[in-house]
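Presented below is the structure to which this report refers.
Labels below follow one simple rule: chain letters A, B, ... track the order of the sequence lines, proteins then strands, and each chain is numbered from 1.
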Amino acid sequence: MAQIPEGKVISYGELAALSGLGRAARWVGRTLSQLPQDTRLPWHRVLAAGGRLSLAAGTPSGEEQRARLRAEGLTIRNDRVDMRRHGWRPMEANG
DNA sequence: GACATGACCGCAC
DNA sequence: AGTGCGGCCATGT
C-alpha cells in the first residue's frame, strides 16, 4: 500500500492479491480499519471494487478520504473514482 | 466448534 | 442501475 504512487488508487481485492493474500479483500478492509489515526500510510488510495468509495460521505474518515483524493488531483463522481484513469498496478511502477 | 461481523468481490436477476 | 446471495480470509464472542 505504501508503494501506491500519489494520484493513483487500488482496490481492496487488488491490494490483497498483490500482497500475496489471495482473495482476502475483507481482511485488508478490517486491517485498514485498525490503522492508527497518525499513520502515514496512504490508506485513502485503497478503494472498493470499480473505484467505489466504501467510506460514506459525512463520516470523519469518509470526508478525510475524499479530501485527500481530491488534493491529489482525482475527481470523485457519485462516490467513485475513475479506475481506468487512476487505477494502479505494480507492473506500471516498473515503467 | 458454532455463529456473527467486517473500510470486500463477482455474478445473477 | 439497484438488489440479493454466496464466497472469500481472519478475528472476536
Side-chain angles (χ1 to χ4, degrees):
Chain A
M1 173 165 69
Q3 297 175 28
I4 307 172
E6 193 175 312
K8 294 293 177 181
V9 296
I10 195 174
S11 77
Y12 294 91
E14 285 285 315
L15 180 56
L18 297 176
S19 304
L21 297 170
R23 312 240 169 298
R26 304 194 69 139
W27 185 72
V28 170
R30 198 184 70 79
T31 301
L32 293 197
S33 73
Q34 295 179 353
L35 286 174
Q37 286 188 326
D38 57 13
T39 182
R40 56 178 185 63
L41 288 170
W43 55 268
H44 56 281
R45 299 184 190 137
V46 185
L47 317 175
R52 224 185 66 249
L53 278 77
S54 48
L55 292 123
T59 66
S61 48
E63 289 302 317
E64 178 69 20
Q65 183 174 38
R66 283 165 177 72
R68 290 197 188 187
L69 290 176
R70 277 190 300 236
E72 295 185 1
L74 280 75
T75 58
I76 302 172
R77 275 279 184 282
N78 243 4
D79 284 349
R80 81 169 45 194
V81 167
D82 188 349
M83 284 292 272
R84 304 288 237 171
R85 199 159 83 95
H86 302 290
W88 177 80
R89 283 177 288 181
M91 291 180 72
E92 300 173 4
N94 292 328

Practice task
Round to the nearest Å and state the distance from A/Leu21 atom CG to B/dC9 atom C1'.
Solution key: 15 Å
Completion exercise
Distance col, row A/Gln65:CD vs A/Thr59:OG1, nearest 0.5 angstrom, shows 8.5 Å
Completion exercise
In whole angstroms, the gap separating C1' of B/dA7 from CG of A/Leu53 amounts to 10 Å
Handout entry: Same-atom distance (P) from C/dG7 to B/dA7, integer angstrom
Key = 22 Å
Exercise for the section: Determine the contact category for A/Ser11: base if any of its heavy atoms lies under 4.0 Å from a base atom, sugar-phosphate if only primed atoms, P, OP1 or OP2 are that close, otherwise nothing. Expected result: sugar-phosphate
Completion exercise
Atom CG of A/Leu35 and atom P of B/dG6 are separated, to the nearest Å, by 18 Å
Handout entry: Side-chain heavy atoms of A/Leu55 within contact of A/Glu64, under 4.5 Å
Key = no
Practice task
Taking the side chain as every heavy atom from C-beta outward, state whether A/Arg68 and A/Arg45 have any atom pair closer than 4.5 Å.
Solution key: no
Exercise for the section: Choose from B/dA7, C/dC9, B/dC9 the nucleotide whose nearest atom is closest to any side-chain atom of A/Ala25. Expected result: B/dC9
Practice task
May I have the distance from A/Gln65 (atom CD) to B/dA7 (atom P), rounded to whole angstrom?
Solution key: 13 Å
Handout entry: Under 3.5 Å donor-acceptor pair, A/Arg26 side-chain atoms to C/dG7 base atoms
Key = yes
Problem - Rounded interatomic separation in angstrom, taking CG from A/Leu15 and P from C/dC8 - result: 20 Å
Handout entry: Value in whole Å for how far the C1' atom of C/dC8 lies from OH of A/Tyr12
Key = 16 Å
Exercise for the section: Let me know the distance between CD of A/Glu14 and P of C/dC9, rounded to the nearest Å. Expected result: 16 Å
Handout entry: Protein-nucleotide distance (A/Leu32, atom CG; B/dC8, atom C1'), rounded to Å
Key = 11 Å
Handout entry: A/Arg66 side chain to A/Ile76 backbone, donor-acceptor under 3.5 Å
Key = no
Exercise for the section: For A/Ser54, answer base if it contacts any base atom (sugar-phosphate contacts may also be present), sugar-phosphate if it contacts only those atoms, and nothing otherwise; contact means non-hydrogen atoms under 4.0 Å. Expected result: sugar-phosphate
